[in-house]
Structures are given as structure tokens and as C-alpha cells.
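Note sheet for the following structure.
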Amino acid sequence: IIDGWFHERGVMWPGQSMSLKVEEVLYHGRSLYQDVLFFRSSDHGNVLVLDGVIQVTERDEFAYQEMIAHIPMFSHPNPTRVLVIGGGDGGVLREVCRHKSVEKVVICEIDKDVIEKSKTYLPTLAKGYDDPRVEVKVMDGNVFMADNPGHFDVIITDSSDPIGPAAALFEAPFYRNMYAALREGGIICTQGECMWLHVDIIKPLISKVGEFATTVEYAYTTIPTYPSGQIGFVIATKGKEEGCKEPKRRDEEMEKVLNYYNGDIHKAAFVLPNFARRAIFE
Ligand code: AAT
């Protein structure tokens, strides 16, 4: 924080930086895994930063949480068992729990400080933890996945970037383990970085996952406070030849309360500009 502004500088987005004006530092400490910062910003509500990287602002979090959750959830006809890796703020849980078909949601987050502090400083996200269908495991998602975690309809990996505790979550063995934990017809949706910055991460990941998954696709959302204003998702299926481009269900009541996701933007999210289509799939 310099002169009352937080600057998001990082080697994964060289030469650029998102800056937010800080009104008050709410919490700053070091957990077992990372540097944890919560601050109140002038115009973006409360903000969570891990190892210097913006994870959530209250102003635009819905653009990410709704899309990473509802694209796979609405691509499945009847999701009952859901697993979330990461996502300690609770925002993805909040979105998954909107689906009435869900009977159980397991969340595996590595950092208990993120969970506890989010309950204080990001209550509109952490309310996801209040749902009785939620079961919390505090452990490394990579270790959890390697150890026979059961059978899921949807697995969502809401992870931080591959520098730090989430590095293994961008590697093929983790994807193989997620795939093994899917029921037939199941869907994986993961934080898939940014097409403007990270095709060198996205392309090899997509091709490795394509070696064993039935389908693998890339969709994206716009979000002002993530690097370059966009973030994508790697979406893979087990036994779903048609992939996830078309929603299997629509829920008009839910769409009335959501702020980003609808059935039309679901389809649009898979349509890539030429530079990204070539760089990722050719
Ligand atoms: N909900 C949107 C915010 C995130 S949070 C990413 C979460 O992943 C963090 O809570 C972090 O503690 C957790 N995490 C990191 N590594 C692991 C791991 N190995 N196992 C389980 N959880 C982990 C995503 C922000 C994206 C930022 C884009 N620049």
C-alpha cells in the first residue's frame, strides 16, 4: 500500500497493475500459507488480497462467482453432489446452494484464516457457509483429491493463481484425480486464468485434460478487478459428448436474483475471439 492505494503488481501480469484506493486496513496477517489482507476500499467495498493478488471485491465478485458456479451447475440436468476446492470466501458456496437439487456440497479450502476472516469482512459471500448442506474440510485440495474423495456431479476449483499454495491445482495429476472423482455425466469447472495474459498456461492445460476427459472447453467472464478485466474457466466433462455450451436447464426465478449469469450469457461465454481461439485450440 503506497500513499493510500493498493497496487496489484505481479510477475503473472508484467508491466500492468490494478490499483484500488484504500479507506481502511481491516486485517493484515500471515497465515500458515500466505499473506492475508482485507481492506475497505473507497469504491469497491471490502477487498480480499492473498500474497498481493486481488481475490475478491464486494463490488464485482458476482461476475466471477456466478459464472464459475452456474455454468457447470446449469450444464448438469440434476446436480446433487458438489465439491468446491478453494473458494474460502464462501461466494461459490452461496451460488451452488441456490440450486434446489443439491443435497451435499463439500468445500476443501487450504487456509482456515481465509474462511474465518471472510465471515467477518465478507459476510455477503461467507453466508454460503450457513447452508446445512455444506461440509467444510480445511486441507490442501491437491492432497484431498489424491485420496479417494467420493463421487460428484460437479467439481468447481475456485483457486488462486499458480504461484503459491495453488500451484499443484494447475497440473495434470490434479485434473486426473478430479476426473476420477466424477460420476458419469459429471462436470469439472476450474479457474482458468486470462486469455489476454496466460495462453501459455491455458493451452497446455486444455490439451493435457483433453487426453482423458470426454470434452474440454474454455469459457470466460468479464470482471474489472482481475488482471486485464477477464478471467476464464476450464470446463471438462465425463461422458457428455455435447460439452457444456448449452444450458440443460433454465430457472427464471433464479435469474431474477442473479446479477450476471443467465442462459444467454452461458452460451456466449464459450465464444472466443479469434486470437484466443487460435492460441488455445490450434
Ligand atoms: N472466490 C474467488 C477468490 C479466489 S479464492 C482462491 C482460494 O483458493 C483462496 O481462499 C486460497 O486460500 C485457496 N487455495 C489456494 N491453494 C489451495 C489449495 N492447494 N487447496 C485448497 N485451497 C487453496 C480465486 C481468486 C482468483 C484470482 C485471479 N487472479
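For clarity, every value in this text was computed on a predicted model and none was experimentally measured. When a ligand or atom number is given, it counts from 1 through the structure's own listing order. Counting begins at 1 with the first residue of the sequence.
Using modelled atom types, one finds no donor on one side chain facing an acceptor on the other under 3.5 Å when comparing N262 with H70. In this model, a donor atom of one side chain and an acceptor atom of the other lie less than 3.5 Å apart for T237 and T215.
A donor-acceptor pair is defined here as one N or O able to donate and one able to accept, closer than 3.5 Å; no such pair exists between the side chain of Q55 and the backbone of S160. Remark: side-chain polar atoms of K238 are paired, donor with acceptor, to backbone N or O of L182 under 3.5 angstrom. Side-chain N or O atoms of S118 include none that pairs as donor or acceptor with a backbone N or O of A126 at under 3.5 Å.
The protein heavy-atom contact nearest to atom 15 (C) of ligand 1 is S160 OG, 3.2 Å. The protein heavy atom nearest to atom 25 (C) of ligand 1 is Q55 OE1, 3.1 Å. Nearest to atom 28 (C) of ligand 1 among the protein's heavy atoms is D161 OD1, 3.4 Å. Of all protein heavy atoms, the one closest to atom 23 (C) of ligand 1 is I110 CG2, 3.5 Å. Protein heavy atom in closest approach to atom 27 (C) of ligand 1: I54 O, 3.8 Å. Distance from atom 13 (C) of ligand 1 to its nearest protein heavy atom, with residue and atom name: E109 OE1, 3.2 Å.
Ligand 1 has a nitrogen or oxygen under 3.5 angstrom from a nitrogen or oxygen of D158. The shortest N or O to N or O distance between D89 and ligand 1 is under 3.5 Å. Residue Y64 has no N or O atom closer than 3.5 Å to an N or O atom of ligand 1. In terms of N/O distances under 3.5 Å, ligand 1 is approached by P165. Considering backbone and side-chain N/O of S159, none are found under 3.5 Å from N/O of ligand 1. The shortest N/O to N/O separation between N142 and ligand 1 does not fall below 3.5 Å. Not one N or O of E193 is nearer than 3.5 Å to an N or O of ligand 1, by distance alone.
Of all atoms in ligand 1, listed by their number and element, those nearer than 4.0 Å to a heavy atom of V114 are 10 (O). Heavy-atom proximity to I231, at under 4.0 Å, picks out these atoms of ligand 1: 28 (C). Taking every heavy atom of D140 and a limit of under 4.0 angstrom, the matching atoms of ligand 1 come to 18 (C), 19 (N), 20 (N). In the vicinity of G87, heavy-atom distances shorter than 4.0 Å reach the ligand 1 atoms 7 (C), 8 (O). Distances below 4.0 Å separate heavy atoms of G86 from the following atoms of ligand 1: 8 (O), 13 (C), 21 (C), 22 (N). Counting atoms of ligand 1 from 1 in the listed order, those under 4.0 Å from a heavy atom of A166 are 15 (C), 16 (N).
Residue contacts with ligand 1 for A168 are absent, since no atom lies close enough (heavy atoms, distance under 4.0 Å). Counting heavy atoms under 4.0 Å from ligand 1, residue L48 does not touch it at all. With a heavy-atom cut-off of 4.0 Å, L50 touches ligand 1 through its side chain alone. Only the side chain of Y226 comes within contact range of ligand 1, with a heavy atom under 4.0 Å; no backbone atom does. Residue Q65 touches ligand 1 through its side chain alone, judged by heavy-atom distances below 4.0 Å.
Taking the six-membered ring where the residue is Trp, W196 and F275 present tilted rings, their angle falling between 30° and 60°.
When all heavy atoms are compared, the tightest approach of R249 to P77 is CD-O, 3.2 Å. The two residues E58 and Y121 come nearest to each other via the heavy atoms OE2-O, 4.1 Å. The shortest non-hydrogen separation linking E193 to P162 is OE2-CD, 3.4 Å.
For K117 and Y27, the positive end sits near the middle of the six-membered ring, less than 6.0 Å away and at most 45° from its axis.
Residues H99 and F74 bring their aromatic ring centres within 6.0 Å.
Here K248 pairs with E242 in a salt bridge; the nearest charged N to carboxylate O distance falls below 4.0 Å. Between E253 and K100 no salt bridge is recorded (no basic side-chain N to carboxylate O distance below 4.0 Å). Residues K137 and E135 are paired through a salt bridge, judged by an N-O separation under 4.0 Å between the basic side chain and the carboxylate.
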*asked:* Is there a side chain to side chain donor-acceptor pair (under 3.5 Å) between R183 and T80? Walk through the geometry before answering.
replied: CA-CA 11 Å; R183 282 173 168 164; T80 61; 3.2 Å; yes

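When the heavy atoms of P227, G141, S31, S118 are ranked by distance to atom 20 (N) of ligand 1, first place goes to G141.
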